[in-house]
Q: 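Just dropping this structure here.
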Amino acid sequence: MTSTETTRRITLIEKTDELDVLSICAHPDDAEIYCGGTLAKLVKLGYKVGMCELTDGEPTPLNDTPDRRLEEARLSGETLGVHYRVILPLPNRRLFDNFDARIKAARIIRETKPKVIFSVSGLTSMASPDHYQAQFIIEGAVFYARLSKWEHYFDGLPTWRIKKLVRFPMEWGIRPQFEIAVAVDISETLSQKMESLRKYESQFPKDDARKQAFLKRVELRNRYWGTLAATEAVELCEITREPVIPKTDDLLSYLELS
Ligand SMILES: [Zn+2]
């Protein structure tokens, strides 16, 4: 922990520094929106769960100080029950995929050794483009974390190879042509997820009808997807895999027409 970047990072929760799963995203409250129910569910199942935000998310129109947002993020993380939460010192509103950003995120991966990384997926039209940039930073960080002969960029930290990168859409889109979609049943933790989001009073003030409607839509989306999966509520994610084209010697048999 000698370099400047590690001294400027802010650790909000640190019950362990070895994780099963780590969510990485642009701003505090993003992960709560796209995978908060899944994170809470994994904690209940006994996994070590961490969260990492690339920026502190400030400034934002309705908030006064970065400290307030950080405290909200800590409370929200504790509501979900996560074991680790860290905020990296990359700039909100000016988040771009670049070498420095990838190295900062890769360092967290090398330190916490998660088996799985959760990332946001797709565009968030009309919202911050930081979300889209974060995807490229995360993809780069996953790669950089496992590259040998680069220890000098990581103060000697050894390499780490995750097993899977899982992407969650923040909006409605899912791209089944490239990915397989999996529904994570969050019926048990949906209320916990919504409670964690309400901790961000600076982002979702109780008397702001537009912001409250946004939160309602997050909940309704999880419930709508839940009906498609024959349960109360789910979060959808995409898991990349090698393309497998079904193969047959007997097409009619394959089509069950024979
Ligand atoms: Zn955001």
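As the structure lists them, so they are numbered: ligands from 1, and atoms in each ligand from 1. Keep in mind it's a predicted model, so treat the numbers as computed, not measured.
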Q: For the Zn ion (ligand 1), decide whether Cys25 has an N, O or S atom at a distance under 2.8 Å.
A: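 No N, O or S atom of Cys25 is closer than 2.8 Å to the Zn ion (ligand 1), so no.
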Q: Do Gln135 side-chain atoms and Ser121 backbone N/O form a donor-acceptor pair below 3.5 Å?
A: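 The answer is no, because no donor-acceptor pair under 3.5 Å joins these two groups.
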Q: Applying salt bridge (charged side-chain N to carboxylate O under 4.0 Å, His left out), which residue pairs with at least one partner in residues 44-60 are found, sequence neighbours left out?
A: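 For residues 44-60: Glu53-Arg85, Glu58-Arg69.
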Q: If you check every N/O/S atom of Asp30, which is the one nearest the Zn ion (ligand 1)?
A: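 Asp30's closest N, O or S atom to the Zn ion (ligand 1) is named OD1.
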Q: Under 6.0 Å between ring centres, would you say that holds for Phe99 and Tyr144?
A: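 Yes, they do, as the ring centres are separated by less than 6.0 Å.
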Q: For Asp130, is there an ion pair with Arg93 - N to carboxylate O distance below 4.0 angstrom?
A: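 Result for this pair is no, no salt bridge flagged.
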Q: Nearest N/O/S atom of His27 with respect to the Zn ion (ligand 1), by atom name, please.
A: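 So the atom name we want here is ND1.
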